[in-house]
Amino acid sequence: MTELLDHLVFGLAVAVSPTNVFLCLAGCFLGTLIGVLPGIGSIATISMLLPLTYSLDPVGSLIMLAGIYYGAQYGGSTASILVNVPGEATAIITAIDGHQMARQGRAGAALGISAIGSFIAGTIATVFIAALAIPLTRVALEFGPADYFSLLLLGVLASALLNRGAVSKSIAMILLGMLLATVGMDLETAAPRLTLGYPQLMEQIPFAVLAMGAFGLAELGRSLETPENRDVISKQIGGLLPSLSELRQSVAPILRGTALGGLLGVLPGNGALLGPVASYGVEKHLAKEPQRFGRGAIEGVAGPESANNAAAQTSFIPLLTLGVPANAVMALMLGAMTMNGIVAGPQVIERSPEFFWGMIASMWIGNLMLLVINLPMIGIWVKLLKVPFRILMPSIVVFCAIGAYSMRNEPFDVALAGFFAIGGYVLIKLGFEPTPLLLGFVIGDMMEEKFRQALIMSRGSLAIFVEQPISAGLLAVTLALLSVLLLPRVRRKRDEVIVE
Amino acid sequence: MGSVLPNKDTSSVPENGATEAKSWVPTQDFAAGIALLALGGFALYQGASLPAGSLNAVGPGLLPRGLAFGIVFMGVLIILLDFTRPGEQLGFVNLRPPIFIFAALMAFALTIKPLGLLGAVPITVGLAGFASAETQWREIVVLAAVLTVACIAVFGYLLTLSIPVGPSGSAAAFAALWK
Amino acid sequence: MRPALRHIVLTAGAVAIAATAAFAQSADTYPSAPIKLVLPLGAGGATDNLARISSGPVETKFGQPIVIENRPGAGGSLASAVVAQSEPNGQTLLFANFATHAVTPTLFTNLSYDPVKDFKPVTLIASQPHFVLVNPDLGINTLAELIDYAKKNPGKLNFASAGVGSPLHLAAEYFKIKAGVDLVHVPYKSSAPALLDLIAGRVQVFFDNVSTALPHVQAGKLKALAITSSKRSPLAPEIPTVAEAGLQDFETYGWWGVAAPAKTPPAVIAKLNAAYVEALKSPEVSTKLASQGYDVIASTPEEFEAYIGREIAKWAPVIKAANLSPTN
């Protein structure tokens with residue numbers, strides 16, 4: 001325990017130098033400003049701001065980059081809550097209840113609980129990393145393709161249930177999302193799949209393009225079609241901070257979200273996404289009135305946002321202890337480390353302790369900065385909602401266009417966002433929801449890779465999924481959950497039939 | 001369907017029941033099922049040439065085909081369920097917003113390379129303006145100007161992204177003026 | 001609004017035409033504007049770093065910025081297409097690599113440009129060999145032991161790849177042919193999860209870049225049996241070359257260079273080549289690149305052209321043998 005404290009104090013001493021605090025603050029601030037633009041997610045924000053860090057010293061540049069990352073994540077949540085345009089996978093869940101809260105004039109409370117929840121989650125996760133980074137590395141290593149596949153299957157089930165609408169329609173959307181994720185070169189044979197002959201579709205469809213089209217822009221189109229649909233937002237704006245009772249309601253969700261997100265964040269790949277999904281599912285299941293979810297339940301923002309931030313924190317673990325980046329953002333971090341002459345790898349703790357512990361301490365400082373910057377800024381964000389919609393709307397379209405373009409410098413991606421906007425609009429009119437579509441897209445992408453890897457390793461035997469203990473356990477949980485959920489439904493159906 | 005607010009404009013159509021009346025409007029779920037059949041069918045057609053392989057050697061076609069069949073199955077299921085109960089009517093109230101949002105994005109895609117932000121932003125803002133019935137054109141002109149300057153300043157100069165700022169070649173022409 | 005729109009479009013058109021006219025430049029005045037260097041990969045990765053490090057001194061020398069435009073996707077063919085179809089005046093260049101010039105000509109038969117004839121090579125900047133990595137728990141200590149083990153147990157060992165058709169994938173497929181062994185391919189989308197499964201022992205063999213793999217080798221998490229170059233690496237002089245380890249005629253490298261559109265004037269190519277060669281020979285750049293595992297090459301345009309020809313001929317049969325579907 002004293003060793004842990006020593007390390008944290010050592011790290012704080014590195015991170016608290018005036019320059020580094022300033023860099024962290026500047027990173028958080030800029031990250032928030034760019035990330036809040038609708039359609040510009042954290043990967044886009046980081047790659048836009050990356051050049052700013054090139055001229056700094058190694059520790060400073062990484063600290064600033066981490067600040068940008070947290071800022072971008074928070075900015076992305078802000079955009080989800082205010083205008084319902086999630087720029088990245090993890091913000092999809094926030095958009096569900098967060099935007100409903102904003103429509104009810106509770107944007108301040110949603111933004112506030114998101115900042116507070118993120119801070120608490122960040123603080124706990126920092127201590128967690130400092131104490132357990134090395135043992136947790138084993139989790140990342142123990143998790144093979146078969147285990148990952150079973151976890152994702154559980155994720156699919158959770159995604160089908162998080163919705164307000166009919167389960168049959170949710171499942172259809174998940175399948176469609178997974179189908180969209182298969183577009184592009186096959187990972188084993190390079191065969192082009194469903195690319196319709198466009199070379200731009202050879203790589204995967206960029207997630208942000210699908211999200212801004214089928215989610216943000218499609219919803220924009222729908223909300224414009226009748227006058228009464230949109231003015232809901234600007235009617236009345238409540239307090240800028242969550243009330244005491246809202247805070248009390250959020251404590252348990254924040255803690256549960258932190259635990260779920262922190263654990264799932266260690267997994268390589270986009271495992272971090274499953275944190276918010278799991279947290280939302282758990283909160284909805286535990287709630288006394290689950291029907292409030294999807295209609296502005298504060299637990300539906302507090303839990304997933306905490307999970308999201310805890311996962312953002314613990315997704316550093318594989319990078320810091322193994323030198324293996326867990327996701328695209330971490331790969332950018334690794335690039336910055338190499339650029340600065342820091343050799344990422346299993347020995348980074350011994351070779352550059354000031355870097356390792358400084359980075360961990362700066363995570364916590366980054367979270368503190370976010371709170372400091374964002375609580376006063378909530379007032380400004382909320383005022384943004386008073387901007388007449390007829391002015392906000394063209395601006396959102398322009399930012400989405402720039403965001404779509406700048407990911408790959410590809411005009412095709414902007415057009416693609418346009419097609420997804422039309423498609424998403426039609427789907428909304430047909431009573432489908434975009435959330436399971438997006439979740440299916442993210443999950444499906446990983447699921448096929450893991451499924452095929454597992455089957456190759458087992459030489460074609462499906463038994464691998466039950467022989468691996470972690471995988472078998474997860475499948476059992478999936479089955480248990482499925483039966484718990486299906487049984488009462490079946491019984492209710494039967495009762496209905498009998499009554500008729 | 002929490003996301004769809006009540007469409008008062010469609011109230012001329014009977015809420016449920018008499019769907020087999022003269023002007024037959026499909027229910028939302030019926031249309032949804034048909035859409036799924038179309039999407040799944042399209043994917044099956046497009047992916048027909050991809051080998052599915054076997055469990056021993058999963059081919060590129062296995063997952064797309066499996067998913068497409070799944071989508072078709074869900075489409076059939078949703079249509080069948082729709083016959084068992086009265087459903088919400090399908091209502092497209094006003095197609096103007098999505099069409100102009102689409103047009104605005106297409107215009108940006110077509111103009112960003114040749115014209116840069118200088119040309120693409122005002123055109124996009126203008127077209128997006130058509131999406132709303134309440135657009136005030138004076139406001140749109142001001143907004144276009146402000147957004148163009150702001151985007152060029154932030155994305156072109158502050159962040160020095162490789163997004164083109166002006167018409168292609170104008171940087172060279174500009175530089176040539178100073179030689 | 002409509003007249004205003006028309007006005008904007010007309011003005012823009014006029015500016016564009018004037019710009020093209022002003023563009024008829026000679027090698028003396030080259031470069032008269034910022035140079036666009038199109039990268040076939042995303043921002044912030046190793047290739048991005050390499051492009052920035054090697055282009056830095058060129059910017060200073062020319063007094064013009066080199067703007068890097070990342071155009072990832074479709075095996076580099078999107079980036080190549082942009083450059084192939086741009087004005088051949090040296091203002092738009094391609095950061096060519098293994099994917100754009102060694103693999104694409106064989107793998108993609110249906111391109112909107114010719115991956116060989118549409119380009120004029122400028123210089124081969126650097127290359128980086130691979131390590132033949134195994135999981136230490138396998139108990140295999142030399143390349144000869146690996147080949148022997150694989151021959152006795154055909155189809156038992158798994159090898160990982162990162163990105164279909166990438167050097168890391170094709171190097172292993174080439175090894176299968178040259179060593180006459182049967183390894184089972186487990187495909188990964190990127191190198192990170194492949195490394196994790198290798199460390200955990202779920203896959204047993206992986207060909208990875210020296211720079212990424214070295215820390216894991218030094219920490220004893222992975223064992224490097226050989227390096228796939230003709231000389232040992234100064235970063236890890238204890239690792240033998242493949243030839244020393246008993247496998248002859250087997251060398252694999254990832255490589256990076258600069259190429260221009262085919263009709264670029266020879267004088268402009270010469271000027272670019274001189275600037276890049278000077279940059280790469282500067283102690284600052286060469287030590288930085290060497291510390292990141294690169295062999296700095298700085299070739300002449302002719303040498304680069306010949307190298308590309310040899311690479312295409314070398315990899316075409318490997319791509320065919322690996323059963324990759326050449327379409328699109």
Side-chain angles (χ1 to χ4, degrees), chain A residues 48-49 51 164-165 168-169 171-172 175-176 178-179 182 186 188-189 191 193-194 196 217-218 220-221 224-226 228-229 294-295 389-391 393-395 397-398 400-402 405-406 409 411-412 414-415 417-419 421-422 425-426 428-433 448 451-452 455 459-460 462, chain B residues 1-5 7 9 28-29 31-32 35-36 39 43 46-47 50 54-56 58 60 63-64 67-68 70-71 74 77-78 81 88 92-94 97-98 101-102 104-106 108-110 112-113 121 124-125 128-129 131-132 134-136 139-140 143 147 151 155 159-163:
Chain A
M48 281 180 186
L49 296 175
R164 293 165 291 195
S168 56
K169 283 185 161 179
I171 293 172
L175 295 176
L176 185 60
M178 291 171 81
L179 184 69
T182 67
D186 180 61
E188 196 180 352
T189 64
R193 304 195 292 183
L194 313 178
L196 314 179
L217 293 168
L220 202 61
L224 277 168
E225 64 186 11
T226 49
E228 72 261 36
N229 275 1
R295 298 193 168 79
F389 201 66
R390 55 178 193 272
I391 291 183
M393 182 270 297
S395 316
V397 175
V398 165
C400 282
I402 293 176
Y405 175 84
S406 60
N409 290 299
F412 181 87
V414 185
F419 279 104
I422 290 274
Y425 173 83
V426 172
I428 293 173
K429 296 310 279 184
L430 294 173
F432 292 108
E433 288 189 49
E448 181 186 20
F451 180 69
R452 287 170 70 171
L455 276 185
R459 304 292 183 264
L462 287 170
Chain B
M1 278 322 315
S3 74
V4 180
L5 295 180
N7 292 325
D9 303 357
Q28 205 184 42
D29 278 5
L36 290 178
L39 283 169
Q46 284 291 330
L50 294 169
S54 63
L55 280 187
N56 237 324
V58 173
L63 191 73
L67 290 169
I71 290 169
M74 291 315 292
L77 185 75
I78 287 171
L81 284 175
E88 204 174 323
F92 283 89
V93 183
N94 174 4
I101 288 175
F102 173 73
L105 288 163
M106 288 307 279
F108 188 94
L110 292 174
I112 183 66
K113 283 278 173 192
V121 174
T124 308
V125 171
S132 167
E134 288 157 41
T135 295
Q136 294 173 11
E139 276 179 5
I140 286 289
L143 180 67
L147 274 179
C151 289
F155 297 110
L159 299 179
T160 56
L161 299 186
S162 39
I163 192 162

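Lettering of chains follows the sequences in order, A, B, ..., and the numbering in each one begins at 1.
If you take OG1 on B:Thr135 and CD1 on A:Ile391, they are separated by 9.5 Å, rounding to the nearest 0.5 Å. In this structure, B:Gln46 CD and A:Leu194 CG are separated by 7.0 Å, a value rounded to the nearest 0.5 Å.
Both the backbone and the side chain of A:Leu220 come within less than 4.5 Å of a heavy atom in chain B. In this structure, the portions of A:Ser395 lying under 4.5 Å from any heavy atom of chain B include both its backbone and its side chain. For a residue to count as touching a neighbouring chain, one of its non-hydrogen atoms must lie under 4.5 Å from one of that chain's; by this rule A:Phe412 does not touch chain B. Interface residue A:Met178: backbone and side-chain heavy atoms are both found under 4.5 Å from chain B. Only the side chain of B:Leu36 comes within contact range of chain A, judged by heavy atoms closer than 4.5 Å.
Ranked by heavy-atom pairs under 4.5 Å with chain B, the first of A:Leu462, A:Ile422, A:Ile171 is A:Ile422. Considering only heavy-atom pairs separated by less than 4.5 Å from chain A, the leading option among B:Thr124, B:Ile101, B:Val121 is B:Ile101. Of the listed residues (A:Ser406, A:Cys400, A:Ala415), the greatest number of heavy-atom pairs within a distance under 4.5 Å of chain B belongs to A:Ala415. Interface check for chain B: of the options A:Arg459, A:Arg193, A:Glu448, the most heavy-atom pairs under 4.5 Å are formed by A:Arg193.
The shortest heavy-atom contact between B:Asn94 and A:Tyr425 is O-OH, 3.5 Å. Nearest heavy-atom pair across B:Leu105 and A:Ala401 is CD2-CB, 3.9 Å. Nearest heavy atom pair, residue B:Asp29 against residue A:Lys169, reads OD1-NZ, 2.6 Å. Contact detail for B:Ala32 and A:Leu430: the closest heavy-atom pair is CB-O, 3.6 Å. Minimum heavy-atom separation, A:Met393 to B:Ser132: CE-CB, 3.9 Å. The two residues B:Pro97 and A:Gly221 have their closest heavy-atom pair at CB-O, 3.4 Å.
Every residue meeting the salt bridge (charged side-chain N to carboxylate O under 4.0 Å, His left out) condition with A:Glu188, not counting sequence neighbours, appears here in chain and number order: A:Arg452. A search for salt bridge (charged side-chain N to carboxylate O under 4.0 Å, His left out) contacts involving A:Arg390 returns B:Glu139, not counting sequence neighbours.
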- Check the pair B:Leu67, A:Thr182 against side-chain contact (heavy atoms from CB on, under 4.5 Å), reporting the backbone distance first and the verdict last. CA-CA 10 Å; B:Leu67 290 169; A:Thr182 67; 4.0 Å; yes
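The side-chain heavy atoms of B:Ile163 and A:Ile402, taken from C-beta on, include a pair separated by under 4.5 Å. The shortest distance between side-chain heavy atoms of A:Leu179 and B:Leu39 does not fall below 4.5 Å.
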